[in-house]
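Read through the structure below, which is laid out as structure tokens, and then see the notes.
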Amino acid sequence: MSKRRIVIHLALLAILICAGIGLYVFMTGRMSASFWTDALDSKDNKTGLVAAQRLESIGTAAVGSAPKLLNMALSGPSLNNRSSAARALLWIDLQTASTAASEAISVFLNSRDSNERYRALQVIEALSPLSTDVAPDLIAVVRDKSQPSIVRRYALSAVIEMMEPKRDVIALIGEELSDPDESVRYEAILNVGMARDPVFKDILGDIKLAIENVNASGQTQYLGLLMQAERAAAMRQTAFLDVYIYQINGIFNDRQGLEYTLKQLKLLGPMAQKAVPSIAKLLNDERPYIRLLAADALAEIGPAAKSALPALDAALNDGDPVVRKHVESARSIIRGNQNER
Amino acid sequence: MNAKPMVVDDQRRYGFYTALVYWGLIASGLIVPWGAALINDKGDFRQLIIHMFAPGYNVYLIGAFGLAPMAAFAVFGMLHVGPAISRLDGHIVKRRWFGFVLGAISGVAVSAWGHISIATSRDAQAAIGYIFLPFLVIAAHFGGYLAGRLIHKIKSR
């Protein structure tokens, strides 16, 4: 085998690897936005679903896909497609996401068809940071035992995702841990168990009671979740806070990780005062959705976040009108005007 | 040392077989992980294509992870066996070639076992195996290579 042949074989492999890397970069990068936008039209539900998820990861560069995503969020072929399209809109175009949230809220409030209502609830849940106005209605629906159980269950799930007003939602979860309807009770147990959060300290008694009930009925699948929730609720909130601050400042902060952390900091409210400088830095993030979540987290911290006011003042010039609205609201709350929300 | 000296025909033959194993390894590097994913998708090609770049599946990336150790061993084999063939050194060529082939087979076998086990596992956490599998495959390649050389040494005594 001559040296020339060896070099040819190695060069062909190098070309193959470069082509493979190129294809991966193209298919997962900004350049593929139009490809995935076209894939939204596919008759195959799963292709549409993957396309929506890919567009979500591309972010604002895929703004051209917003009208199609709006259409999919409101009348997509499956629940997964609808909520994935709605979630993608949060990262791509907040204004279109607001439109989707308003439409879904309108369907939920005005429709008499329980199927339509619970489909709308999936979109409301996916767009929870933009749908908080409907939270009192959702709480009322969950408490109304005459409502169809599927609507009550998804209303509970959506309101837990919003966690606003926090005190009311936590009290509601405590009540629903012993709901006579199993599907609603399941949703409450699942959420309280998965959240692993000290914000549930207020309903520690309800969690203990649910553990006793679940233990008595032998439903071991819930027992582990509830015991996890009990341990987390008993923990000091500051123990979580340090982890969240570390995550925000981390260099390998992925999109979804940051979203989760900001939502958790929002839940901690004034307890998260130590995180204010880190959150304020995120008001300059390139992703509008992250800036919106940062403003929401600061608003929830309230007057304890006064040191973030200069950053919030600067953020009043934000290019995104939805972010500006949330920044204005956060400023008012921090300055002491509680009626803003 | 009972090896006969190589002639030009042997040189061509070993050159061809070395190239065959080299490209076979590279093809296996992609076919094994994607094939395992196809088994998991119950033979549905369309599903496999959708999962290639789908978040949560990333089958394309898994293929790249599967290819890495095999491509590394293929390059090693080409640079190790190829020059010996050009020197017409019959004994060294056979010893190295035997090691290369056995290394390739053992690596592909371990890779197939690993990928199929992970892809068909009921526990989603099995996916963590994709991180460790390339190291296991590369160890199997070089373990097989050493074993091949040893077997050839014992055989040629």
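Proteins come first, then strands; the chains are lettered A, B, ... in the order of their sequence lines, and each starts at number 1. Values below: every heavy atom of this structure, side chains too, minus hydrogens, waters and symmetry copies.
Interface remark: A:Leu12 contributes backbone and side-chain atoms alike to the contact with chain B (heavy atom separation under 4.5 Å). If you measure heavy-atom distances from B:Phe53 to chain A, the contacts under 4.5 Å come from both the backbone and the side chain. Contact annotation for A:Thr47: both backbone and side-chain heavy atoms come within less than 4.5 Å of a heavy atom of chain B. Residue B:Ile50 touches chain A through both its backbone and its side chain, counting heavy-atom pairs closer than 4.5 Å.
Counting non-hydrogen atoms of other residues, nucleotides and ligands closer than 6.0 Å to CZ of B:Arg149 gives a total above 12. Annotation for B:Phe65: atom CZ does not count as buried by contact number, only 12 or fewer foreign heavy atoms lying within 6.0 Å. The number of heavy atoms from other shown groups lying within 6.0 Å of CH2 (B:Trp113) does not exceed 12. Within 6.0 Å of atom OH in A:Tyr186, 12 or fewer heavy atoms from other residues, nucleotides or ligands are found, so the atom counts as exposed in its surroundings. Around atom CE of A:Met227, no more than 12 heavy atoms belonging to other residues, nucleotides or ligands sit under 6.0 Å away. For CZ of B:Phe142, the number of neighbouring non-hydrogen atoms (other residues, nucleotides, ligands) closer than 6.0 Å is greater than 12. Counting non-hydrogen atoms of neighbouring residues, nucleotides and ligands closer than 6.0 angstrom, the CG atom of A:Leu23 exceeds 12 such neighbours.
In this structure, the separation between CD1 on B:Ile26 and CD1 on A:Ile17 is 7.5 Å, given to the nearest 0.5 Å. Expressed to the nearest 0.5 Å, how far NZ of A:Lys46 lies from NE2 of B:His51 amounts to 6.0 Å. One distance of note links CG of A:Asp44 with CD of B:Gln47; it measures 7.5 Å at 0.5 Å rounding.
The shortest side-chain heavy-atom distance between A:Leu13 and B:Tyr22 falls under the 4.5 Å cut-off.
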> Hey, mind stepping through A:Val50 and B:Tyr57 against side chain to side chain contact (heavy atoms under 4.5 Å, CB included) and telling me if it holds?
Replying inline: CA-CA 10 Å; A:Val50 171; B:Tyr57 289 91; over 6 Å; no
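Contact tally against chain A (heavy-atom pairs below 4.5 Å) for B:Leu79, B:Val81, B:Leu61, B:Thr18: the top residue is B:Leu61.
With hydrogens and angles ignored, the 3.5 Å screen pairs a side-chain donor or acceptor of B:Tyr60 with a backbone N or O of A:Gly20.
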